[in-house]
Amino acid sequence: MAVLNLIEAITHALDYEMGKDESVVVYGEDVGFEGGVFRATKGLQQKYGEKRVFDSILAESSIVGSGIGMAINGLRPVVEIQFSGFMFPGYNQIVTHAARMRNRSRGLYTVPMVIRMPYGGGVRALEHHSESLEVLFAHIPGLKVVIPSTPYDAKGLLLAAIRDPDPVIFLEPKRIYRAFKQEVPEEDYTIPIGKAKVVKSGSDLTVVTWGAMVRDTQKAIEIVEKEGFNIELIDLRTISPIDQETVVESVKKTGRFVVVHEAVSSYGPGAELISIINEKAFLHLEAPPTRVAPPDIIVPLPKGEHHYLPDVNHIAVALRQVLKF
Amino acid sequence: MAVLNLIEAITHALDYEMGKDESVVVYGEDVGFEGGVFRATKGLQQKYGEKRVFDSILAESSIVGSGIGMAINGLRPVVEIQFSGFMFPGYNQIVTHAARMRNRSRGLYTVPMVIRMPYGGGVRALEHHSESLEVLFAHIPGLKVVIPSTPYDAKGLLLAAIRDPDPVIFLEPKRIYRAFKQEVPEEDYTIPIGKAKVVKSGSDLTVVTWGAMVRDTQKAIEIVEKEGFNIELIDLRTISPIDQETVVESVKKTGRFVVVHEAVSSYGPGAELISIINEKAFLHLEAPPTRVAPPDIIVPLPKGEHHYLPDVNHIAVALRQVLKF
Amino acid sequence: MFLKPYVPQSEEMVQIMDPNGNIVKPEWMPNLSNEEIIEMYETMVFSRIIDEKILQYQRQGRILTYAPNLGQEAAQVGSGFAIKQTDWVASAFRELGVWLRKKAPLYNILLYWYGNEEGMHMPEEVRILPVSVPIASQLQHATGLAYASKYRNEPDVTLGYVGDGGTSQGDFHEALNFASVNQTPNVFIVQNNQFAISTRRAVQTKVKTIAEKALAYGMPGIQVDGNDIFAMYAVTKEAVDQARNGGGPTLIEAYTYRLGAHTTADDPTVYRDQEEVEEWLKKDPIDRLKKYMLKAGIWDEEKEEALRKEKSEIVKSEFTKVENSEPVALEAVFDYIYADKTSIQKEQYYKLKALQEEVE
Amino acid sequence: MFLKPYVPQSEEMVQIMDPNGNIVKPEWMPNLSNEEIIEMYETMVFSRIIDEKILQYQRQGRILTYAPNLGQEAAQVGSGFAIKQTDWVASAFRELGVWLRKKAPLYNILLYWYGNEEGMHMPEEVRILPVSVPIASQLQHATGLAYASKYRNEPDVTLGYVGDGGTSQGDFHEALNFASVNQTPNVFIVQNNQFAISTRRAVQTKVKTIAEKALAYGMPGIQVDGNDIFAMYAVTKEAVDQARNGGGPTLIEAYTYRLGAHTTADDPTVYRDQEEVEEWLKKDPIDRLKKYMLKAGIWDEEKEEALRKEKSEIVKSEFTKVENSEPVALEAVFDYIYADKTSIQKEQYYKLKALQEEVE
Ligand SMILES: Cc1ncc(C[n+]2csc(CCOP(=O)(O)OP(=O)(O)O)c2C)c(N)n1
Ligand SMILES: Cc1ncc(C[n+]2csc(CCOP(=O)(O)OP(=O)(O)O)c2C)c(N)n1
Ligand SMILES: [Mg+2]
Ligand SMILES: [Mg+2]
């Protein structure tokens with residue numbers, strides 16, 4: 001049992017699976033010799049050689065597109081997009097090919113590939129380093145979208161993603177890459193894709209979130225619970241396909257719902273959850289399902305970024321509002 | 001006053017504005033000599049010359065990216081993406097630049113540009129010719145997204161889009177390009193971007209839709225109204241920014257809500273409307289807000305496409321369900 | 001022979017057989033048996049007949065959009081014969097001759113264009129990726145396929161096809177660059193048929209030959225008379241052998257002409273004169289090989305008639321099968337989005353099923 | 001002079017002044033007054049001092065990520081001096097010398113890197129597009145800017161800058177192709193500083209020179225000693241003049257070296273040896289011009305000291321202003337998404353405002 005932070009858990013999972021499965025190859029910009037700008041692939045080229053771990057050309061469409069070809073021809077590519085904001089040149093390959101090859105060939109060719117991307121804000125970065133783009137993947141049939149929130153989950157979900165028969169977009173909340181450590185078993189274990197986790201059960205309100213927002217939301221819940229409430233927290237873990245059962249069950253119990261996310265509000269991921277709850281738990285609702293999300297603006301550069309991300313206080317205010325409705 | 005179908009109204013609007021404003025240039029694949037695969041730009045090169053109307057290279061990133069440069073340097077480019085399913089290579093330019101230049105330069109540089117795209121299904125086409133991708137634009141702050149449903153609106157909205165100071169994604173429902181004709185004034189008129197249209201007022205249920213689905217929904221409403229109901233139909237016309245006032249007002253009156261669209265259901269455009277209604281009209285709701293939308297599948301090739309698009313009967317069934325809830 | 005030293009800028013197009021079926025470069029004539037030449041010819045004729053038949057069905061409203069290959073048969077069949085059955089192909093949508101060469105069942109091909117994805121579920125040994133509509137995107141897959149072959153030390157080569165219009169896309173650039181940097185066993189074939197829908201080749205790029213573009217990647221680039229099946233075969237064979245032996249990728253420009261419409265939705269008379277088409281009809285790749293075979297005494301009109309009759313019958317009977325194929329079931333459009341349907345998809349499926357049954 | 005006849009494959013890099021400040025090709029020496037040469041030098045030194053100061057502030061935690069230009073000053077300032085104030089520039093994020101040449105206020109530049117978009121609101125006459133982070137994407141804008149100039153028969157030329165890594169992106173390919181096909185008044189400058197973060201130039205492409213890539217677009221391509229400011233100036237000037245006179249675009253490879261880290265978030269010792277850096281330090285572009293100027297008797301250590309002092313003071317005082325600048329108001333992050341705030345944005349704004357006020 002090692003005590004690892006989130007990024008170390010990812011390195012460990014990659015290492016583990018490469019050791020086990022020769023068909024796993026890892027590449028992306030600066031991923032080889034240097035081990036990636038966040039060091040997620042540190043040491044892997046030295047251990048597994050340049051054929052299995054390499055620096056790609058600086059071209060995201062090539063990174064994704066070549067990965068599709070490799071996956072069809074028997075490999076299990078795990079590619080890195082340096083920041084999710086740089087996935088756009090590769091988006092054509094992701095949407096029109098990775099997501100569709102199985103359907104287009106009626107199961108003859110499949111794309112068991114993982115596309116890793118650090119995502120999200122709060123690290124005071126340059127432009128395009130802070131986007132939360134989960135909807136752009138979750139709206140596309142054929143893609144799975146996974147977001148871990150702890151080192152333990154990161155390993156289990158990444159192993160599940162690599163072994164998944166379909167393409168998985170693996171979004172890593174870089175704000176918490178090194179935020180805390182956790183015991184991560186050295187052994188093989190997976191966390192099923194498509195299953196949410198009830199972090200904490202409660203009876204008065206259901207809160208759903210994922211990624212780095214899990215911790216902020218936990219803190220907000222702690223504050224609000226001191227005021228006499230009992231709140232259920234669900235870490236969605238998989239953005240698509242949604243574990244609607246877990247969420248709907250919870251709302252049927254609590255009657256109240258808040259979703260917290262880092263993506264902009266309009267046409268954002270929270271809207272889908274609210275719609276599911278309307279469809280499945282309408283008669284149980286005692287207050288309007290509510291989203292806590294950034295406004296419809298472009299993630300500002302560092303000096304303005306605090307206006308963007310909801311903070312603990314902001315979340316707490318929203319929880320109270322819904323609880324007292 | 002001319003009697004035109006939707007595609008003719010678009011040609012007419014382009015012609016009108018080119019005649020009026022020398023800074024308008026029109027280009028895209030096959031847009032010049034041939035006048036576009038749908039003939040939206042027919043005759044324009046002959047009339048305005050190759051400098052103002054031309055065949056682009058076969059490269060959507062170049063089409064959008066060069067348009068951004070032109071718009072910054074004083075032109076008003078109206079570019080065509082041959083089918084919306086081929087916008088993906090240009091998506092990087094749309095999201096990271098067209099949508100952001102104003103903010104990035106704090107108003108110094110702006111991108112008054114229109115990106116026209118035929119979109120939607122029901123024309124029994126090859127793959128990638130039938131997508132409905134409005135969410136991929138509507139979720140991006142900085143973009144406006146407009147969809148006309150009639151020839152009259154097409155002209156008024158396109159003129160408004162060309163004159164808009166910000167980039168407008170202009171999605172044309174190609175299924176109804178030639179479906180019907182309408183009187184379209186030769187004169188100058190615009191339809192404001194951001195305003196929905198109450199097609200028909202009613203008291204029992206609010207139905208919101210747009211594009212080609214307006215006609216199908218109208219038919220479904222006619223059927224259901226014969227059963228003794230009175231239904232309000234709103235043509236959203238602008239997907240972003242949403243005219244929330246008109247929609248919320250209506251739901252406050254009717255207490256019931258259905259949204260009909262061609263995009264796949266999960267994380268689709270309907271979810272945003274449902275969330276707004278929850279936030280703004282929760283206490284007025286008498287039935288769960290409901291969406292009528294294709295399932296989470298890839299638009300099938302022609303022989304399977306009827307499984308995808310909701311038809312009149314499908315819409316009618318949903319309306320009845322909500323009315324009788 | 002062709003590839004070293006290559007001077008793509010020299011504008012010397014490789015031609016072995018002239019439009020009259022005469023061998024003008026005997027020293028380059030590939031070593032092909034009469035049987036092989038006849039097989040090539042038969043494949044080209046088969047392709048032509050399929051095109052003609054489908055166009056006929058299309059006029060009858062029995063099939064929807066189709067992209068004919070008329071005039072490009074030698075570019076496709078010639079290059080297709082240079083690879084093995086085990087080699088991979090990543091193509092766009094106008095490579096029928098390659099599909100035939102790779103033993104793709106005609107039934108599948110027709111079923112696809114009929115509008116049913118099931119057609120692209122080819123037998124595994126065909127090894128051609130499904131039709132790829134987003135222009136040039138398939139070349140990226142070609143590089144990955146080849147990388148995987150090289151990774152496992154397998155001898156397979158991957159051919160990537162693209163059109164002249166496709167060379168303008170960023171994906172063309174990135175794929176050739178990847179292949180060159182990683183020395184993957186790839187051969188890229190540009191079918192320069194002079195048009196991207198209505199847009200002429202000269203609008204796409206200012207270079208004199210598309211083959212020159214290879215210079216930007218430090219790989220051999222070579223322009224070939226795409227209507228000369230011997231030249232197409234010989235050059236592709238050398239490039240494929242080189243790739244198979246670790247020599248890296250090659251770019252081949254097949255200089256040809258699209259005799260028909262872009263697709264059945266297109267009317268080429270809007271943007272080109274019949275005279276131009278007539279000029280190219282004189283260079284027809286099938287006529288050309290036929291002239292050669294007649295002169296060589298390995299073909300006659302009787303055989304020709306028999307061949308055409310046989311192939312026509314096959315197309316007819318396969319198309320009848322396609323027309324009688326099962327309609328696309330609701331299950332089919334749900335079953336291949338993921339390996340397993342999601343919980344939401346299951347609900348959507350049952351709801352639609354109930355709706356459909358209600359109507360029936 | 002340089003561009004015709006161009007043979008980018010010849011591997012002859014254009015050099016006018018050697019690392020010792022000697023003019024090795026007097027016949028190519030551009031016609032520059034002493035004042036102009038001194039101005040070029042001052043601009044390079046200013047750039048260097050800005051970099052050094054910001055790196056110092058960064059270590060003190062007073063500024064966040066920054067991309068220094070160390071070693072690339074001649075490539076930037078030399079090319080920048082070849083254009084007029086009215087010409088356009090579309091650059092990435094490592095072109096400080098060009099910004100300075102185009103009279104971008106230092107305050108704005110520092111404010112931007114301090115983390116405030118307001119910095120990119122330059123005076124209108126600067127005519128440089130804001131910092132563009134998505135690699136190579138800005139070259140597409142360069143083509144559109146130039147198209148618009150040509151459209152209105154205005155004489156302006158647009159310079160597009162990109163790195164060696166950026167040449168791998170599809171956008172590089174498409175932009176050069178657009179410019180060539182449309183003969184827009186563009187000059188593309190690749191600052192080949194040998195690295196894309198940790199990735200070496202050889203990983204990006206197999207060609208010997210990046211200049212060769214021009215062959216794929218039928219435009220002149222030329223490799224220049226990017227640490228020789230006279231060569232950079234002379235070649236860019238010829239290309240700019242040609243573009244201005246309707247002669248179409250040119251690709252220039254500035255062969256140089258990134259002496260510092262990729263950005264302040266990067267540690268180059270992980271992927272390269274100090275020896276390599278030492279070798280390049282000997283070719284430092286600023287030292288080189290200084291040697292020339294000392295020999296020419298137009299410069300001395302006194303002037304040098306005065307210059308450095310003056311520029312340091314400017315950076316210090318401008319940075320103080322930046323540190324004392326107004327915090328980013330909530331309004332500011334809403335006000336420039338659209339010309340007018342949407343109704344939803346207005347609600348979001350008031351809600352956030354109330355929240356923030358509550359906390360205060
Ligand atoms: C990314 C993308 N953009 C546009 C289209 C629409 N389109 C289909 S075929 C075609 C022209 C292709 O020309 P070329 O590459 O020369 O191939 P050819 O049709 O001549 O075989 C275009 C523009 C597409 N399929 N994909
Ligand atoms: C599309 C995109 N992908 C990845 C990145 C991350 N990134 C920032 S700089 C850089 C390397 C750029 O190298 P080069 O073009 O040589 O420019 P240099 O940094 O050397 O000036 C990378 C990969 C990015 N900014 N944009
Ligand atoms: Mg073509
Ligand atoms: Mg570089």
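All chains are named by letter (A, B, ...) in the order of the sequence lines, taking the proteins before the strands, and each is independently numbered beginning at 1.
In this structure, chain D has no heavy atom under 4.5 Å from any part of B:Ile193. For chain B, the nearby part of D:Ile128 is the backbone; its heavy atoms alone come within less than 4.5 Å. Contacts between B:Val64 and chain D at a heavy-atom distance below 4.5 Å are absent for every atom of the residue. If you measure heavy-atom distances from B:Leu143 to chain D, the contacts under 4.5 Å come from the backbone alone. Neither the backbone nor the side chain of D:Val133 comes within contact range of chain B; no heavy atoms are under 4.5 Å apart. Looking at D:Ala175, there are no atoms closer than 4.5 Å to chain B (heavy atoms on both sides), in backbone or side chain. If you measure heavy-atom distances from B:Pro141 to chain D, the contacts under 4.5 Å come from both the backbone and the side chain. Using a 4.5 Å cut-off between heavy atoms, B:Thr96 touches chain D through its side chain atoms alone. For B:Glu50, the part sitting under 4.5 Å from any heavy atom of chain D is the backbone (N, CA, C, O) and nothing else. Heavy-atom distances place the side chain of B:Ser240, and not its backbone, under 4.5 Å from chain D. Both the backbone and the side chain of D:Ser149 come within less than 4.5 Å of a heavy atom of chain B. For chain D, the nearby parts of B:Leu75 are the backbone and the side chain; heavy atoms of each come within less than 4.5 Å.
Listed here is the closest heavy atom pair of B:Gly142 and D:Tyr338: N-OH, 3.1 Å. Between D:Asn153 and B:Lys51 the shortest heavy-atom distance is ND2-NZ, 4.3 Å. In terms of heavy-atom proximity, B:Ser61 sits nearest to D:Asp171 at OG-OD1, 2.5 Å. The shortest non-hydrogen separation linking D:Thr342 to B:Pro241 is CG2-CB, 3.4 Å.
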Residues B:Gln93, D:Glu174; criterion side-chain contact (heavy atoms from CB on, under 4.5 Å); working and verdict: CA-CA 12 Å; B:Gln93 289 288 348; D:Glu174 297 184 10; over 6 Å; no

Please test B:Leu108 against D:Met120 for side-chain contact (heavy atoms from CB on, under 4.5 Å), starting from the C-alpha separation and ending with a verdict. CA-CA 8 Å; B:Leu108 173 64; D:Met120 280 295 128; over 6 Å; no

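How far OH of D:Tyr336 is from CZ of B:Arg106: 6.5 Å, rounded to the nearest 0.5 Å. Note that the NZ atom of D:Lys150 and the CE atom of B:Met70 stand 11.0 Å from one another [nearest 0.5 Å]. Separating the CG atom in D:Leu129 from the CE atom in B:Met101 is a distance of 5.5 Å, to the nearest 0.5 Å. Taking CD1 of B:Ile242 as the start and OG of D:Ser343 as the end, the distance is 9.5 Å to the nearest 0.5 Å. Within the model, atoms CD of B:Glu22 and OH of D:Tyr151 stand 5.5 Å from one another, a figure rounded to the nearest 0.5 Å. To the nearest 0.5 Å, atoms CD (D:Glu347) and NZ (B:Lys280) are separated by 3.5 Å.
D:Thr158 places none of its side-chain heavy atoms less than 4.5 Å from the side chain of B:Asn73. Counting heavy atoms from C-beta outward, D:Gln140 and B:Ile68 have side chains that stay 4.5 Å or more apart.
No more than 12 heavy atoms of other residues, nucleotides or ligands sit less than 6.0 Å from atom OH of D:Tyr350. Annotation: D:Gln85, atom CD; neighbour count of heavy atoms from other residues, nucleotides and ligands within 6.0 Å is above 12. No more than 12 heavy atoms of other residues, nucleotides or ligands lie within 6.0 Å of CG in D:Asp340, so this atom counts as exposed by the packing criterion.
In terms of heavy-atom pairs under 4.5 angstrom with chain B, the leader among D:Gly170, D:Gly119, D:Ala332 is D:Ala332. Ranked by non-hydrogen atom pairs under 4.5 Å with chain D, the options B:Pro165, B:Ala59, B:Gly67, B:Ala71 are led by B:Ala59. The residue among B:Ser56, B:Ser66, B:Ser23 with the most heavy atom pairs within less than 4.5 Å of chain D is B:Ser66.
Using bins of under 30°, 30° to 60° and over 60° for the plane-to-plane angle, the ring pair D:Tyr147/B:Phe54 lands in the parallel bin.
Between the side chains of D:Gln138 and B:His97, no donor-acceptor pair is found at a separation under 3.5 Å.
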